[in-house]
Visitor: 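Got a structure here, written out as structure tokens. Questions coming.
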Amino acid sequence: MTSTASSTDTRQDLAPHEQRPSWQGRLRRFGYRAKAAGPARDGADGGDVADRLVPPFAQPGPRLWAALGLSQRLGDRLARWSGWGGPLLVTLLAGLLRFWHLGSPKAVIFDETYYAKDSWALVHRGFEVNWDKNANDLILSTGGHVPIPHDAAYVVHPPVGKYVIGLGELIFGFDPFGWRFMTALLGTLSVLLLCRIGRRLFRSTFLGCVAGALMAVDGLHFVMSRTSLLDGVLMFFVLAAFGCLLIDRDRARARLAAALPVDADGRVRPDAHVAETARLGWRPWRWAAGLLLGLAIGTKWNGLYVLAAFCVMAVLWDVGARRVSGAHRPYRAVLKRDTGIAFLATVPVALAVYLLSWLGWILSPSDGTGGYFRDWAATEGKGGSWTFLPDWLRSLWHYEHEVYEFHVGLSSPHTYMSNPWSWIVDGRPVSYFYESPSPGSAGCPAGAGDKCAREVLALGTPMLWWAACAALVYVLWRWFFRRDWRAGAIACGVAAGYLPWFLYQERTIFFFYAVVFVPFLCLAVAMLIGALLGPPGATDTRRVAGATGAGVLVLLITWNFIYFWPLYTGTAIPIDDWRARMWLDTWV
């Protein structure tokens with residue numbers, strides 16, 4: 001097949017294989033690439049700089065449509081519609097999986113005992129409250145018709161994620177379906193985002209849909225989408241911010257390309273003066289990224305690491321754009337032309353959004369009947385050198401300091417705590433729910449003989465995660481030795497969500513925190529699949545071999561998800577079947 005739609009290689013200007021001299025065809029096996037004809041200028045080859053700044057999207061070749069028995073006209077129409085049609089189909093599948101029996105188990109599972117109730121109080125009171133010990137049973141037995149206490153509770157996470165969960169509760173009620181609805185919705189939409197992000201990153205609709213489909217069948221993402229915890233909400237905001245920065249990158253580079261001169265042959269040429277002096281405007285997508293990163297920080301504080309990593313990544317993208325455009329001193333040009341507005345669009349915006357997320361707590365009474373520590377500045381915090389600041393701000397700062405001290409000092413042992421070294425290989429999943437129904441009850445088959453097991457296990461699809469280990473090695477190789485910016489972007493996403501936890505190895509931490517970088521693991525595997533499929537111009541034999549290997553990998557991952565489906569959904573299975581799925585001793 002001559003289609004380039006399934007390759008991660010965006011170099012589209014190679015001559016057809018059959019038109020090359022025989023010596024060039026032989027050298028091509030060793031990575032040789034012939035330069036385009038034309039005089040070099042400013043260190044660039046004779047190609048169109050516009051294609052280097054904003055590479056075109058790969059299009060299926062005519063042989064693909066011929067193989068499928070379709071006309072070229074119909075094929076072109078399908079190619080145009082596939083940019084949205086493919087991602088929407090993958091998203092539909094993900095949504096059906098995530099919303100299927102969303103209210104089951106009809107129980108308060110794992111940390112839903114905190115976030116479901118905190119969210120309900122937050123959307124009604126503006127701050128979290130202390131609930132009675134029997135509140136969970138009362139909520140489930142009455143359908144959520146319970147009075148909300150008034151005593152403020154000390155909580156250690158910002159309010160944005162709980163507002164998101166609370167929105168679902170306001171719409172559908174204070175019950176398992178209601179408090180899981182928004183995480184399921186954001187989990188589904190994150191699949192759509194990843195399809196579109198992968199398409200833009202790889203310039204391939206096919207690979208974008210592969211990345212989204214892989215996340216649709218990842219067990220950890222699936223379970224987190226069906227549980228009202230904060231980390232799934234955080235993942236959505238982080239992924240959306242990454243997508244906004246990716247669009248901003250394309251828009252900024254397109255603007256640079258439009259400002260560059262065009263030669264007599266109609267090709268865009270590099271120009272040092274334009275590259276170093278062109279202004280790229282206010283860049284609204286970067287402001288949108290700043291807003292989303294503020295929402296991420298307002299969900300959980302580890303969004304701060306993501307903010308720092310994405311800001312560095314965006315600056316390096318600007319440097320690369322100006323270098324390709326011909327700048328002799330790209331870092332200096334970015335510092336003068338881009339850094340100021342980039343900083344304003346991200347850091348201050350993110351911090352302002354974070355502050356606004358506390359508005360309910362800020363507006364609560366300061367006479368002791370409002371949010372926790374809301375009256376601190378008027379009581380224990382009187383005096384000092386910061387009294388010129390508003391009381392609400394000093395009280396909030398004190399609250400944040402106390403929360404920080406809690407987080408860094410949290411070392412209470414927990415059955416399912418794990419070291420981040422084990423996360424990447426699915427070493428220690430977290431059991432959210434477990435019960436042992438007798439035969440003939442709670443879905444346990446009457447002929448099961450022994451008791452059944454019914455569990456919700458936050459376990460990444462093993463075949464996907466183990467393939468991701470190899471994919472990360474490939475991504476790092478592409479970044480370090482091929483200077484592939486796409487590999488660097490994927491590595492940045494993984495590093496921002498993963499590496500900070502190595503600073504807190506003595507702290508009580510859990511595997512499900514890893515859901516934040518699951519989208520980037522899926523992008524890494526999709527990039528590896530693109531490499532397996534082969535570069536543009538590969539022979540039919542190479543394509544068939546690559547497609548076979550990639551297809552087997554995807555089928556194994558899909559089968560693995562189906563195999564572990566009972567453990568992801570709390571479906572009752574005979575205890576022997578449950579034991580057969582405990583592949584590692586650390587999973588029990």
Side-chain angles (χ1 to χ4, degrees), residues 53-54 158 160 197 200-201 234 236-257 259 274-325 327-359 389 393 396-397 400 404 485-486 488-497 499-500 503 516-517 520:
L53 286 170
V54 188
V160 169
I197 286 170
R200 184 174 291 272
L201 188 70
L234 172 63
F236 176 82
F237 290 136
V238 168
L239 182 62
F242 181 83
C244 288
L245 290 175
L246 200 58
I247 296 173
D248 172 74
R249 180 185 186 275
D250 276 358
R251 297 288 176 88
R253 291 168 78 92
R255 190 161 184 169
L256 270 175
V274 172
E276 293 179 357
T277 60
R279 295 187 179 276
L280 302 179
W282 285 91
R283 305 175 69 167
W285 286 103
R286 186 165 284 187
W287 290 83
L291 186 150
L292 288 163
L293 289 169
L295 293 173
I297 299 168
T299 301
K300 292 189 79 170
W301 277 3
N302 44 317
L304 283 166
Y305 292 108
V306 179
L307 170 66
F310 281 9
C311 284
V312 172
M313 178 182 70
V315 168
L316 292 178
W317 284 353
D318 287 344
V319 170
R322 292 192 181 271
R323 178 185 288 120
V324 170
S325 300
H328 296 308
R329 297 177 179 176
Y331 284 95
R332 181 179 178 181
V334 167
L335 184 63
K336 291 177 62 176
R337 305 295 181 188
D338 302 323
T339 306
I341 191 65
F343 176 81
L344 288 176
T346 50
V347 178
V349 169
L351 294 180
V353 170
Y354 177 81
L355 193 61
L356 283 172
S357 72
W358 285 91
L359 193 60
L389 294 174
L393 184 57
L396 181 59
W397 179 263
E400 303 286 62
Y404 173 78
W485 73 271
R486 300 164 303 168
I490 294 170
C492 178
V494 174
L499 295 185
L503 301 174
V516 175
F517 60 86
F520 302 97

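One is the number of the first residue; the rest follow in order along the sequence.
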Visitor: Who are the side-chain contact (heavy atoms from CB on, under 4.5 Å) partners of L351, not counting sequence neighbours?
Guide: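 Expected list: V347.
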
Visitor: With side chains defined as the heavy atoms from C-beta onward, is the minimum distance between F237 and V516 less than 4.5 Å?
Guide: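 No. Closest side-chain heavy atoms not under 4.5 Å.
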
Visitor: Considering residues at least two apart in sequence or located in another chain, which fulfil the side-chain contact (heavy atoms from CB on, under 4.5 Å) criterion with R251?
Guide: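 Expected list: I247, W285.
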
Visitor: Would you name the heavy atoms of F517 and V494 that are closest together and state the gap between them?
Guide: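 The pair with the smallest heavy-atom distance is CB-CA, 3.9 Å.
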
Visitor: Just wondering, do V306 and L234 contact through their side chains at under 4.5 Å, heavy atoms?
Guide: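 Side chain of L234 against side chain of V306, heavy atoms only: no contact under 4.5 Å found.
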
Visitor: Taking everything shown except W397 itself, do over 12 heavy atoms lie less than 6.0 Å from its CH2?
Guide: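 Open: at most 12 neighbouring heavy atoms sit under 6.0 Å from CH2 of W397.
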
Visitor: List the steps and the verdict of side chain to side chain contact (heavy atoms under 4.5 Å, CB included) for L280 and I341.
Guide: CA-CA 10 Å; L280 302 179; I341 191 65; over 6 Å; no

Visitor: Between C244 and L292, which heavy-atom pair has the shortest distance, and what is it?
Guide: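 That would be SG-CD1, 3.7 Å.
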
Visitor: Taking the side chain as C-beta and beyond, is there a heavy-atom pair between S325 and V274 under 4.5 Å?
Guide: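 Side chain of S325 against side chain of V274, heavy atoms only: no contact under 4.5 Å found.
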
Visitor: At their closest point, which heavy atom of I197 faces which heavy atom of L246, and how far apart are they?
Guide: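 Result for this residue pair: O-CD2, 3.6 Å.
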
Visitor: Would you be so kind as to tabulate the donor-acceptor pairs closer than 3.5 Å made by side chains of residues 296-304, with sequence neighbours excluded?
Guide:
from, atom 1, to, atom 2, distance (Å)
T299, OG1, L295, O, 2.8
K300, NZ, D231, OD2, 3.0
W301, NE1, Y354, OH, 3.0

Visitor: For residues W287 and W282, report the shortest heavy-atom separation together with the two atoms involved.
Guide: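 Smallest interatomic distance, heavy atoms only, reads NE1-O, 2.8 Å.
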
Visitor: Not counting sequence neighbours, list each pair that qualifies as a side chain to side chain donor-acceptor pair (under 3.5 Å) and has a residue in residues 337-350.
Guide: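 Sorted result for residues 337-350: R322-D338.
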
Visitor: Looking at every heavy atom in both R329 and E276, which two are closest together, and how far apart are they?
Guide: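 Answer, listing the atom of R329 first, then E276: N-OE2, 3.1 Å.
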
Visitor: Do the side chains of V160 and V353 get nearer than 4.5 Å, heavy atoms only?
Guide: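 The answer is no; the side chains never approach within 4.5 Å.
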
Visitor: Who are the side-chain contact (heavy atoms from CB on, under 4.5 Å) partners of L503, not counting sequence neighbours?
Guide: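 Expected list: Y305.
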
Visitor: Compile the donor-acceptor pairs under 3.5 Å between side chains in residues 309-319 and protein atoms, sequence neighbours left out, one pair per line.
Guide:
from, atom 1, to, atom 2, distance (Å)
D318, OD1, R283, NH1, 3.4
D318, OD1, R283, NH2, 3.0
D318, OD2, R283, NH1, 3.3
D318, OD2, R286, NH1, 3.3
D318, OD2, R286, NH2, 3.3

Visitor: Quick one: closest heavy-atom pair of L291 and V349, and the distance?
Guide: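 That closest heavy-atom pairing would be N-CG1, 3.6 Å.
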
